[in-house]
Each structure stands twice: as C-alpha cells, then as structure tokens.
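Structure first, commentary second.
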Amino acid sequence: MSVHIRNFAIIAHIDHGKSTLADRLLEHTGTVSNREMKEQLLDDLELERQRGITIKARAVVMQFERNGKKYELNLIDTPGHVDFQYEVSRSLACCEGVLLLVDAFQGVEAQTVANAYAAMEHDLKIIPVINKIDLMHARPDEVAEEMMNSLGTDPDECVRVSAKTGEGVDGLVDAIIEHIPPPTGDPKATLQAMVFDSNYDDYRGAITYVRIMQGTVKKGQKIAFLRSGTSHEVVELGRFAPQRQSTDVLAAGQVGYLICNIKSLGDVHIGDTISIPGDKAAEALPGYSRPKRMVYCGLFPSDGQDFSELRDALERLAVNDPSFEFEPETSDALGFGFRCGFLGLLHMEIVQQRLEKESDVDLVQTAPNVTYEIINKRGETITIHKPQDVPDPGDIEEFRQPIVRCNVIVPDDFIGAVMKLCQERRGIQQSQEYLAAGRAMLTYDIPLAEVVYDLHDKIKSATRGYGTLDYEMVGYEAADLCRLDIMVNGNRVDALSVVCNKADADRRGRAVAKTLKKEIERHMFEVAVQAAIGSRVIARETVPAMRKNVTAKCYGGDITRKRKLLQKQKEGKKRMKAIGNVEISQKAFMAVLSDG
Ligand code: GDP
Ligand code: MG
C-alpha cells in the first residue's frame, strides 16, 4: 500500500494556539495517546514552556489510516519570532503547505502578517484556520473578513477549530489531506536533502533534521554536506513520532533526522544541502545563508574571579546554539569578559537567561548595540560590533546603520500614539492601511538601534497591550552617526562609549556626564568628567576635590564602630575600578549603562 505524504507547518502570532493545536493533531491522528499527552509536547525546552514561545523548529510525523489509505503527515514546527526568521524560511522550504492560525478573538496580528507573507514567498498552499471558537467573545466571522482583507484568504476556506476542546480538528485533518499538495521528488534520483534544523544530544552528538527532496538515504551510507564540504557516515536515521524512532531508509518527500557522529553543532549549517560525496553529487538547494548577528553586548562576571566559569558556560551554550557567538573582551571598567553576538533581542534574552540558570555566574551586561558599517577614508568597509572600535571622526567617510521595516497592528484609537513613537525613533512611514473596521496596520522603516532599545515595550504600553510589532531587515543606510566617548580626567572609559546620532550627542553627553558626576566619590584632587566626539569636548562636569574621611562622623568615641566603618570602606574599594588615577565604583558604571 502506498503512503500519502503531506508536509506542513503551523504559523501564527504568539499565543494564538499553535502549540495547543499541534498537541490536538498528534492526539487526533493517534500519534500520541491521551494518556501520554503532556500539555504542549512540542515545546520541550523549559524556557519555551515558561515563555510560551517556540524557539527551535521540530518535526513530528503522524502516521494513520483513513478510508483505507495510509497517510504520513509531517508537522514542521517553526520558531515564532523574527529573530529566527532565517530558520523559519528554511523550515517553510521543506513544506508544501501551512495552517495559518488566527485567534478568533484577537484577530490578525503583526506576526500573522509576517508569517503569511513568508509562506506566500515560498509559494505554499495556505489553509486559513480560526482557532479558539469556544471562547465566549469569539468573533470568527469578523476575523475571517479581516484575514481576507489583509491576507487575501477566502472566508469560505477558513477552517474553524478549538484547539482546546478539539472541535473541528478532524475536519482540519481532512482539509490538510485534501488541499495541501503531496511532495514531488524521485526516490531513485541522486540524494538531495535540506538541513532545516539541528540539535545536540550529549550522547549522540549533532542530530540533523532533514527533508529529503530527491533520492533516498540509507543507514550506513556516506553522505556529504555540500556547503561545509564535509563527509560523514550515517550511523542512524529515523523520524520523530514524537520520540526518536529509527528506520533504515528515508526517501524523497519524507522528513526525519540523521545522526553521523558529529561532535559540534557548529559543523551543521541550517540551510545546507546533503548529497552523496564525490562529483556525482546533486546541486546545492537555494536560499542558504550564514546566521547574521545583529545585536551585540558585553557580558562580564560581576566578580572578576568567575571569568573561567563564564567562559565554560558560554562554550557549553555555543555547542548547542551555533547562531550565538562570543569572543574575549577586556574593559578598563569591567575587567575580563566577552563580547557576544546574537540574532536579535529575544535571542539575547534567551541566552542570558540560560546562562544565569545553567551556571552560577552573576552577570553584568553592557548596553546592547547593533552592528554598524563604516567606510573609511581609504574606501574600505569595516564592520563594527562594539562602539570602542569606531575610528576617529577624521577617518570616517560614511557611517551606516541597519534599518528594519516594522509592521505595527493597532486598534485605531492608538494610531496617533504609535505614529508619535515611531517618529521619535526616526521612523519613516511607508504605509497605513485598515485590516478591518477599527484595526490598522502601520508600516515604518526604523533604525534597528532605535528598535533594539525599547520600542516593543513602548508600543505595548502606549496601546495598553493591544499593539503588536514585527520587523524584518531592509539593509544598511548611511546616517549622521558618531562615537560619543566619556573621559575621566582625560582618560577614555571604554565601556561607556556609545554610537549615537550627532543630533542627540549633546543631550546624551550631558546626561551621562551628570550621572557620572553624581556617582563618582570625591578624590583628593578635582575630577573632570567630559563627553567628547573625537577630540571635541561637548559636555563637562567637575567633581570637586575633598578629602573623604568616613570615621569623622564617629567623634572619636566608639572604636569598634570605627573599625567596622573602615572595613566597610575597604570592601567598597574592592568593587572600584581605576581609570587613570580616578577610582570609579561598579555601581557608577551600572548607573550610566542602565540609563541607555
Ligand atoms: P502558541 O504561542 O501559538 O503556541 O499558543 P499556545 O498553544 O501556547 O496557546 C496560548 C494560550 O491559548 C494557552 O493558554 C492555551 O491554553 C490557549 N488556547 C489555545 N487554543 C485555545 C482554544 O482553542 N480555546 C481556548 N479557550 N484557549 C486556547
Ligand atoms: Mg507555542
């Protein structure tokens, strides 16, 4: 009996019920029995459960019989956040269709639109699905119309379900079989498979997730990764059902995993093509690119002694997450630490949380910055990951920053508030359209640096939680930027350099100088705090000289109290850093860094 295969993904805005629906599908196809059912089976990282987001793509096969036919539905789970856009696109490249899931109360949101566009770019069959019809305030008819207006889906094709109660899920399985085209591909052709995910198993090494496009792969055979140029023997292969289930063969159209004794995830590139070694190999599949780190920050142990512990923890993380990168960095102010690169803000937050959870290191994080490009006077393009590396003004021909296109979806009462926020952040409006009565989508091009800072939080609070934001990279554009330095008695404090717009430099420079003045204790001599662009000083504050004697308050009386105070002062000193001959407390640095 031949097997009918369908490969699909569920795409949705966060919290619209993707994981819950995946669970119901596993249940209704008998892949997991009721008894085995653990809420949200697909989100197996603890952090994902806590935050309710799907971070890494997964693939589960559902095998069942219906009307005398054998089916194999592969559900490919995609990450829900823009930071992982590239992984989403690789997962979609393995599908023939998607379920576009929308909450029957919330309606179309920013990530619904972003995900639907991505599916259209891959020419996938889209099945519109309205979820949560059990909710008392569900408004499925209006939502179907919203979807038609914003995404062009046919209201008559909308499948209405409740992932909570299971209502409509059987009909959805029928719709998947009926409307999503079966994969094409010749099992006898030369092997050509897409790598769309990988994870790391302490015992087995890298587990590579693949979709076989052409040909067949067998246990024990030699395969080649075309982009990385390495060859391996397939030790084990199989599928997730949802546990690892080994088989002997995977053929064109199927989705599964390969294990090849690969010791680090750094050797498995998402988007790579697998074929046979030698000159008869198939062509590489299109769309491959390296992970692009867009956001950087410094991570320092708050106690200098934890440096090697932090390094070990970072190394462990990097084995599991090849899109995260780090290199040692030394700062006058914060000591030895690391400069770390992330795909985006959420990725940064995830890594930080894992670090704090999985190691005992107490972290100090410097303000995040984006990756800049500079064309110097010799016409060379340099990529900048930290503000300290920006050359002096005289050597800069052009200063460029990354721009992202932001889609914000809001109830129309809040349009004014959102426009104001976007304009303040140097956004340039691209369009404004109504998705339905009372709901609008605003599109702005905004410098990523402005988005990184706090735009999402600001939009949330300006719209009482109703506004949603999504963005994608547009490219680099020249801007009037500069490196703003902070000098203490003439010495530059490396950790405090920032890149900012020239128009903002005066205000920021004055603010930092003021904050720092308050935080620096008086010395025996006068301390000058200056903000400067290159050699040009734009703000200055002075900490007057004064001999500080903490025991003076004790009037010579209580000797034990005097000792205690001296002891305290000594401990305070430990957390001091010397900039030239000026001592600055870590607290002072943190006060400035957290001001942004
Ligand atoms: P995801 O972020 O898209 O994966 O969404 P989840 O599956 O985690 O669901 C988000 C929340 O919506 C959870 O609290 C679910 O229990 C709830 N939910 C999901 N589907 C339904 C539904 O059909 N009806 C109701 N009432 N709640 C649902
Ligand atoms: Mg989820």
Side-chain angles (χ1 to χ4, degrees), residues 8-29 31-32 34 37-60 62 75-85 87-88 91-92 95 98-116 118-119 126-144 147 151 158-173 175-176 197 242 346-347 349-350 409 456 460 465-466 468-470:
F8 70 102
I10 308 175
I11 52 179
H13 191 78
I14 185 166
D15 282 345
H16 283 200
K18 183 168 93 167
S19 302
T20 313
L21 181 64
D23 290 351
R24 279 304 87 66
L25 286 170
L26 296 188
E27 217 174 71
H28 277 248
T29 54
T31 308
V32 191
N34 263 328
M37 199 73 217
K38 201 165 45 158
E39 282 272 305
Q40 306 202 346
L41 223 119
L42 290 187
D43 295 342
D44 58 1
L45 290 167
E46 199 186 333
L47 196 72
E48 288 189 23
R49 275 173 193 279
Q50 279 171 9
R51 304 201 31 163
I53 48 171
T54 304
I55 296 163
K56 291 295 279 180
R58 302 280 131 146
V60 179
M62 299 176 255
L75 167 56
I76 296 171
D77 200 16
T78 60
H81 195 274
V82 283
D83 285 4
F84 306 98
Q85 222 162 28
E87 291 182 24
V88 174
S91 296
L92 293 181
C95 297
V98 294
L99 308 183
L100 177 62
L101 190 69
V102 178
D103 183 309
F105 175 63
Q106 302 287 346
V108 172
E109 301 278 19
Q111 285 162 34
T112 317
V113 177
N115 282 315
I126 295 177
I127 299 182
V129 182
I130 298 180
N131 185 33
K132 307 198 190 182
I133 53 170
D134 62 290
L135 285 177
M136 198 162 63
H137 298 291
R139 41 180 197 102
D141 296 335
E142 285 168 58
V143 170
M147 291 176 81
L151 309 166
C158 279
V159 182
R160 300 177 181 202
V161 302
S162 164
K164 187 175 171 187
T165 67
E167 190 186 343
V169 173
D170 263 328
L172 181 58
V173 173
I176 293 169
D197 197 8
L346 178 73
H347 188 214
E349 226 180 281
I350 291 166
I409 295 187
H456 195 233
K460 279 281 171 209
Y466 289 117
T468 54
L469 165 79
D470 204 347

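One-based numbering, in listed order, for ligands and for the atoms of each. Positions are given from 1, in the same order as the sequence printed here. Computed over heavy atoms, backbone and side chain alike; hydrogens, waters and symmetry mates excluded. Model, not experiment: these values are computed from the prediction.
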Practice prompt. Could you pull out all residues at least two apart from A116 that satisfy side-chain contact (heavy atoms from CB on, under 4.5 Å)?
Written response: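 For A116 the side-chain contact (heavy atoms from CB on, under 4.5 Å) partners, ignoring immediate neighbours, are L100, M120, L151.
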Worksheet item: Quick one: side-chain contact (heavy atoms from CB on, under 4.5 Å) partners of E142, sequence neighbours excluded?
Response: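 E142 satisfies side-chain contact (heavy atoms from CB on, under 4.5 Å) with R139 once adjacent residues are dropped.
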Worksheet item: Does one side chain, of E167 or S162, offer a donor that lies under 3.5 Å from an acceptor on the other?
Response: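 Side chains of E167 and S162: no pair found under 3.5 Å.
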Fill in: Ligand-residue contact atoms, ligand 1 with G17, heavy atoms, under 4.0 Å
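Those qualifying, in numeric order: 1 (P), 3 (O), 5 (O), 6 (P), 7 (O), 9 (O), 19 (C).
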Worksheet entry | Atoms of ligand 1, numbered as shown, that sit under 4.0 Å from any heavy atom of L135 |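 Matching atoms, with element in brackets: 26 (N).
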Is [X] touching ligand 1 with its side chain, its backbone, both, or neither, if touching means heavy atoms under 4.0 Å apart?
X    : result
S162 : both
T20  : both
I133 : neither
K132 : both

Practice prompt. Decide if atom NZ of K164 counts as having more than 12 heavy atoms of other residues, nucleotides or ligands within a radius under 6.0 Å.
Written response: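 It does not: K164 NZ has 12 such atoms or fewer within range.
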Worksheet entry | Side chains of I14 and Q111 in contact at under 4.5 Å (non-hydrogen atoms) |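 Yes, their side chains come closer than 4.5 Å.
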Discussion item. For R160, is there an ion pair with D141 - N to carboxylate O distance below 4.0 angstrom?
Written reply: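 A salt bridge is present here (some side-chain N lies under 4.0 Å from a carboxylate O).
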Worksheet item: Looking at ligand 1, does any of its N/O atoms fall within less than 3.5 Å of an N/O of V161?
Response: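 It does not: no N or O of V161 is found under 3.5 Å from an N or O of ligand 1.
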Worksheet item: Heavy atoms only: which of M136, K18, E167 is nearest to atom 3 (O) of ligand 1?
Response: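 Nearest option to atom 3 (O) of ligand 1, by heavy atoms: K18.
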